Peer 1: 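Dumping the structure here so I can ask a few things about it.
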Amino acid sequence: MNNLDYGIIGNCRTAALISKEGSIDWFCFPDFDSPSIFAKLLDKEKGGSFHLEVADDYKITQKYNGHTNILMTKFESPEHGFILFDFMPRYRTSDLRHYMPPEIHRYIRVFKGSPTVRVVYDPRINYAREEVRHEIVGNYIKTHSVEDSEDKVYLYTSLDMQKVLKSEEVVITDHQFFVLSYNQKLVTIDLNRVMLEFERTKVYWLNFVNRSRDYVQYDDMIKRSLLVLKLLSYQESGAMLAAITTSLPETIGETRNWDYRYCWLRDASMSIDTLLFMKQKSAANRFIGFIKRILKSSRDEPIQIMYGIRGEKDLTEEILPHLSGYENSHPVRIGNAAYHQEQNDSIGYLLDVIYKYYLYFPGTLDEIEEIWEIIKNLVRAVLSSWKKPDRSIWEYRTKKQHFVFSKVMSWVAVDRASLIAELLQRDYYATEWRKEADIIKKEVHEKGWNEELQTFTQAYDNSDADSSLLLMYFYDFIDAGDDRFVKTVKYIRENLFHEGLMYRYKAEDDFGVPTSSFTICTFWLIDALYMIGEKEEARELFENMISYSNHLGLYSEDLDFDTKRQLGNFPQAYSHLAFINTAALFSEEKKLSKFIRP
């Protein structure tokens, strides 16, 4: 069965996907949202890749180097063997600065015999839209676009560069390296330098993990998910990406193919909750900075549901017809047209994050006052829009309805604003907004509850189940023990649970009826079942979900109901933050004295 059997490496500037055979099949250069130079993932013929070919008698295995983002691919035959270490340098240079150049290091460590390999180095610049030319210049290979000679990359290697370009056989008798860089290097690139970068990067990731919670059970997978979330953060701005890929289909052969290299306020705010829970305050604080900059620049404009990783507002969608798509699933898209949608739930996540800002990261008086003005504007926007239909958390492109969860998140927005007003001793606003929040809650209980079916439904005017309603307790809209919530959980399970996985919904949308499972929804169900007392069933479902990750413990956006193969963009922040939250329900935290951990 084909699957997304990839590992991710990165350094919070960009990231790459490396197959279980050690091939770099997806890499955008120099940033997450830059055009790809390797995109075999989206077109096996045209996309380009960077890999090593070995004889058929080699066994290839793969794992991470402990709790780091350094990937190890082991090639071993009866007589020969080597390990390919892939990483992108990242480490602190001062309290406030990190070294994270746009480059990939590939370090080959021979542990047996004298392996023979062929190097396939096939960069395709600008989503494979441009012809490239290679030149050997001194100690590096320069690859540039024929159309634009300034669009170039540099490959440094200890191997014979002519043989690398011609993919000729090379016998490896000692350790070797490749360094693929966006910039010409100003320091000597040799094995000693690569090993120095390797050790510095390894220590950085070990320190990062060491600052987190430890658990008795599931600890390795929790930490792997935490490391993935960290890789999906953009250091320059603090933005959190939904995933590092574009156009990996939700179902093979269908057209639900989107670009996820952007920052959704919804996804990112959930990531903040998880990062704070795992004691990663610095990453959370950087995202708060990203939010503050957006709020200041958009003070008199509507808040969007998503932004570019530097805060860009225009994310115009474009189709790349020359790429065949993942397993011929058309189209391949860059950009995302959802950025201009009206989704009444989005300000709820935003104000939930701002509330945490006031609790954990209060800035200077002038910053607090500036954001307070923005909060008042946001509440006015919510109060003028919450009664209107919208496109929901699921981003329907062609229809609007009175979606219940959008109303719930509108309540969250006003509720959190009231709590902020209390913190700031703005009693008038706290009281008035609490009244407005109560009005929203009352309407949801009256119009969102279907008395005949004994459940909250997707929208006021339908009887459909919707997985997003499993989050009602998470945002404190309703108590987990409330009879209405318990009945809603059971109704959703009865209607959306299929072959051990969850639908988001089964109502027809812009592209028909969904045919794959949205991974986070199954985690939501597990959490909800646990909270209403169905703990044994919840644990059984969770153990099954563990088995559906790939060989490295990574999750994509979706799963196929029948085969359980991974689908959708990868790796998905939503899925990994949900894994951490759910795993924590079933495991005891290891408590260490504050004097033990530095």
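The shown structure was predicted, so the numbers you read here are calculated from the model rather than taken from an experiment.
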Peer 1: Given Gln62 and Thr73, is the side-chain hydrogen bond (donor to acceptor under 3.5 Å, both in side chains) satisfied, shown in steps?
Peer 2: CA-CA 4 Å; Gln62 193 175 62; Thr73 308; 2.9 Å; yes
Peer 1: Examine distances only and state if a side-chain atom of Thr274 and a backbone atom of Met270 form a donor-acceptor pair shorter than 3.5 Å.
Peer 2: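 Checking the backbone N and O of Met270 against the side chain of Thr274, a donor-acceptor pair under 3.5 Å is found.
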Peer 1: Using a 3.5 Å distance criterion without hydrogens, assess whether the side chain of Lys313 forms a donor-acceptor pair with backbone atoms of Gly308.
Peer 2: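 Absent.
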Peer 1: Is there a donor in the side chain of Gln280 and an acceptor in the side chain of Ser212, or the other way round, less than 3.5 Å apart?
Peer 2: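 Checked: Gln280/Ser212 side chains pair up, N/O donor to acceptor below 3.5 Å.
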Peer 1: For Tyr260 and Asn336, which I'm curious about, is there any donor-acceptor pair between the side chains at under 3.5 Å?
Peer 2: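 Absent: no donor and acceptor within the cut-off.
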Peer 1: As a quick check of understanding, evaluate side chain to side chain contact (heavy atoms under 4.5 Å, CB included) for Glu168 and Asp160, giving each step before the final call.
Peer 2: CA-CA 10 Å; Glu168 295 179 354; Asp160 184 297; over 6 Å; no
Peer 1: Closest heavy-atom contact between Leu232 and Pro571?
Peer 2: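 Scanning both residues, the minimum pair turns out to be CD1-O, 3.9 Å.
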Peer 1: Any heavy-atom pair between the side chains of Asn183 and Pro101 that's under 4.5 Å?
Peer 2: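 The answer is no; the side chains never approach within 4.5 Å.
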Peer 1: Taking the side chain as C-beta and beyond, is there a heavy-atom pair between Val117 and Phe75 under 4.5 Å?
Peer 2: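 Side chain of Val117 against side chain of Phe75, heavy atoms only: no contact under 4.5 Å found.
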Peer 1: Looking only at heavy atoms, what is the nearest atom pair of Pro89 and Thr201, with distance?
Peer 2: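 Nearest heavy atoms, Pro89 then Thr201: CA-OG1, 3.3 Å.
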Peer 1: Just say parallel, tilted or perpendicular for the rings of Phe87 and His105, cut-offs at 30° and 60°.
Peer 2: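 The arrangement is tilted - the two ring planes meet at 30° to 60°.
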Peer 1: Keeping the roles fixed (side chain from His175, backbone from Arg109), state whether a donor-acceptor pair exists under 3.5 Å.
Peer 2: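 The answer is no, because no donor-acceptor pair under 3.5 Å joins these two groups.
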Peer 1: Are side-chain heavy atoms of Asp214 and Lys223 found at a separation under 4.5 Å?
Peer 2: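 Yes - at least one pair of side-chain heavy atoms lies under 4.5 Å apart.
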Peer 1: Is there a donor-acceptor contact under 3.5 Å linking the side chains of Thr68 and Asn65?
Peer 2: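 Note: Thr68 and Asn65 side chains miss the donor-acceptor criterion.
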Peer 1: To the nearest 0.5 Å, how far apart are SG in Cys263 and CD1 in Ile309?
Peer 2: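 Those atoms lie 9.5 Å apart.
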Peer 1: What residues, two or more places apart in sequence or in another chain, satisfy salt bridge (Lys or Arg N to Asp or Glu O under 4.0 Å) together with Glu318?
Peer 2: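 For Glu318 the salt bridge (Lys or Arg N to Asp or Glu O under 4.0 Å) partners, ignoring immediate neighbours, are Arg129.
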Peer 1: Distance from His80 atom NE2 to Asp57 atom CG, nearest 0.5 Å?
Peer 2: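 Separation between the atoms: 8.0 Å.
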Peer 1: I'd like to know if the side chain of Ser23 pairs up with that of Asp25 as donor and acceptor (distance under 3.5 Å, no hydrogens or angles considered).
Peer 2: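 Yes.
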Peer 1: Just by distance, with hydrogens left out, do Glu103 and Tyr154 show a side-chain donor and acceptor under 3.5 Å apart?
Peer 2: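 Looking only at side-chain atoms, Tyr154 and Glu103 do not form any donor-acceptor pair under 3.5 Å.
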Peer 1: Would you sort out whether Asp267 and Tyr349 count as a side-chain hydrogen bond (donor to acceptor under 3.5 Å, both in side chains), showing the intermediate values?
Peer 2: CA-CA 9 Å; Asp267 306 43; Tyr349 310 104; over 6 Å; no
Peer 1: Short question: side chain of His330, backbone of Ser324 - any donor-acceptor pair under 3.5 Å?
Peer 2: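 Yes, because the side chain of His330 sits within donor-acceptor range (under 3.5 Å) of the backbone of Ser324.
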Peer 1: Would you please indicate yes or no on a ring centroid separation below 6.0 angstrom for Phe523 and Tyr555?
Peer 2: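 Yes, the ring centres sit under 6.0 Å apart.
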Peer 1: Give, for atom CD1 of Ile104 and atom CD1 of Ile9, the distance between the pair rounded to the nearest 0.5 Å.
Peer 2: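 Ile104 atom CD1 to Ile9 atom CD1 measures 4.5 Å (nearest 0.5 Å).
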Peer 1: Check Phe32 against Leu231 and note the closest heavy-atom contact, atom names and distance.
Peer 2: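 Distance-wise, the nearest heavy atoms are CZ-O, 3.2 Å.
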Peer 1: Does the side-chain hydrogen bond (donor to acceptor under 3.5 Å, both in side chains) test come out yes or no for Glu317 and Tyr339, once each step is laid out?
Peer 2: CA-CA 9 Å; Glu317 196 168 289; Tyr339 77 94; over 6 Å; no
Peer 1: Is a donor on one side and an acceptor on the other found under 3.5 Å between the side chain of Tyr262 and the backbone of Gly335?
Peer 2: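 A pair under 3.5 Å: yes.
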Peer 1: Under a 4.0 Å N-O cut-off, is there an ion pair linking Arg565 with Glu327?
Peer 2: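 The answer is yes: the pair qualifies as a salt bridge.
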Peer 1: Could you work out, with salt bridge (Lys or Arg N to Asp or Glu O under 4.0 Å) as the rule, every residue matching Glu169, not counting sequence neighbours?
Peer 2: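 In terms of salt bridge (Lys or Arg N to Asp or Glu O under 4.0 Å), with neighbours along the sequence ignored, Glu169 is linked to Arg118.
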Peer 1: Roughly how far apart are Leu42 CG and Arg333 CZ, rounded to 0.5 Å?
Peer 2: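 One gets 12.5 Å once the value is rounded to the nearest 0.5 Å.
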Peer 1: Could you tell me the separation between the CD1 atom of Ile520 and the CZ atom of Phe579, rounded to the nearest 0.5 Å?
Peer 2: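 Reported value, rounded in 0.5 Å steps: 13.5 Å.
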Peer 1: Is there a donor-acceptor pair closer than 3.5 Å between any side-chain N or O of Lys112 and the backbone N or O of Ser77?
Peer 2: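 Here the side-chain-to-backbone pair exists.
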Peer 1: What's the verdict on side chain to side chain contact (heavy atoms under 4.5 Å, CB included) for Phe27 and Ile18, showing C-alpha distance, side-chain angles and the deciding distance?
Peer 2: CA-CA 9 Å; Phe27 185 41; Ile18 300 175; over 6 Å; no
Peer 1: With rounding to the nearest 0.5 Å, note down the distance linking CG in Leu265 to CZ in Phe290.
Peer 2: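 The CG atom of Leu265 sits 7.5 Å away from the CZ atom of Phe290.
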Peer 1: For Cys28, does its backbone N or O pair with a side-chain atom of Thr14 as donor and acceptor, under 3.5 Å?
Peer 2: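 Checking the backbone N and O of Cys28 against the side chain of Thr14, a donor-acceptor pair under 3.5 Å is found.
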Peer 1: A side-chain contact here means heavy atoms from C-beta on lying under 4.5 Å apart; do Phe177 and Met195 qualify?
Peer 2: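 They are not in contact (no side-chain heavy atoms under 4.5 Å apart), so the answer is no.
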Peer 1: So Lys279 and Arg211, side chain to side chain contact (heavy atoms under 4.5 Å, CB included) or not? Walk me through it.
Peer 2: CA-CA 7 Å; Lys279 299 183 178 180; Arg211 294 191 296 270; over 6 Å; no
Peer 1: Do Tyr307 and Ile294 have side-chain heavy atoms sitting under 4.5 Å apart?
Peer 2: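 In short, these two side chains touch, coming nearer than 4.5 Å.
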Peer 1: Verify side chain to side chain contact (heavy atoms under 4.5 Å, CB included) between Val54 and Phe82, making sure each step is shown before the conclusion.
Peer 2: CA-CA 11 Å; Val54 294; Phe82 65 93; 4.0 Å; yes
Peer 1: Between Glu250 and Trp258, is there a side-chain heavy-atom distance shorter than 4.5 Å?
Peer 2: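 Yes, their side chains come closer than 4.5 Å.
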Peer 1: Nearest heavy-atom pair of Asp220 and His67: which atoms, and what distance?
Peer 2: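 Shortest heavy-atom contact: OD1-NE2, 2.9 Å.
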Peer 1: Just checking, any donor-acceptor pair under 3.5 angstrom between side chains of His340 and Asp314?
Peer 2: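 Distance-only check fails for His340 and Asp314.
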Peer 1: Identify the two heavy atoms, one from Leu554 and one from Gly7, that lie closest to each other, and give their separation to 0.1 Å.
Peer 2: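 Nearest pair, atom of Leu554 first, then Gly7: CD1-CA, 4.0 Å.
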Peer 1: Just by distance, with hydrogens left out, do His51 and Glu21 show a side-chain donor and acceptor under 3.5 Å apart?
Peer 2: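 Result is no, nothing qualifies.
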Peer 1: Could you tell me whether the side chain of Arg92 reaches within less than 4.5 Å of the side chain of Asn207, counting heavy atoms only?
Peer 2: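 Not touching, per the 4.5 Å side-chain cut-off.
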Peer 1: Whether the side chain of Arg106 engages the backbone of Thr157 through a donor-acceptor N/O pair (distance < 3.5 Å, no angle test) should be reported.
Peer 2: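 No; zero donor-acceptor contacts below 3.5 Å.
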Peer 1: Check for a donor-acceptor pair, side chain of Arg124 on one end and backbone N or O of Gly48 on the other, with a separation under 3.5 Å.
Peer 2: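 No, Arg124 side chain to Gly48 backbone: no donor-acceptor pair under 3.5 Å.
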Peer 1: For residues Asn569 and Ser247, report the shortest heavy-atom separation together with the two atoms involved.
Peer 2: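 Answer, listing the atom of Asn569 first, then Ser247: OD1-N, 3.5 Å.
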Peer 1: Is it the case that over 12 heavy atoms from other parts of the model lie below 6.0 angstrom from the NZ atom of Lys20?
Peer 2: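 12 or below, so no.
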Peer 1: Return yes if some donor-acceptor pair links the side-chain N/O of Gln566 with the main-chain N/O of Ser556 below 3.5 Å, else return no.
Peer 2: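 A pair under 3.5 Å: yes.
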Peer 1: Would you check, one step at a time, whether the test ring-ring contact (aromatic ring centres under 6.0 Å, His included) holds for Tyr140 with Tyr156?
Peer 2: CA-CA 5 Å; Tyr140 58 80; Tyr156 296 80; 5.4 Å; yes
Peer 1: Within the structure provided, determine whether Ile8 and Tyr6 are in side-chain contact (heavy-atom separation under 4.5 Å).
Peer 2: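 A side-chain contact under 4.5 Å is absent here.
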Peer 1: Is the terminal nitrogen or CZ of Lys74 (NZ for Lys, CZ for Arg) located under 6.0 angstrom from the six-membered ring centre of Phe111 and within 45° of that ring's axis?
Peer 2: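 Flagged: Lys74 positioned over aromatic ring of Phe111.
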Peer 1: Quick one: salt bridge (Lys or Arg N to Asp or Glu O under 4.0 Å) partners of Asp31, sequence neighbours excluded?
Peer 2: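 Only Arg13, Arg310 meet the salt bridge (Lys or Arg N to Asp or Glu O under 4.0 Å) criterion with Asp31.
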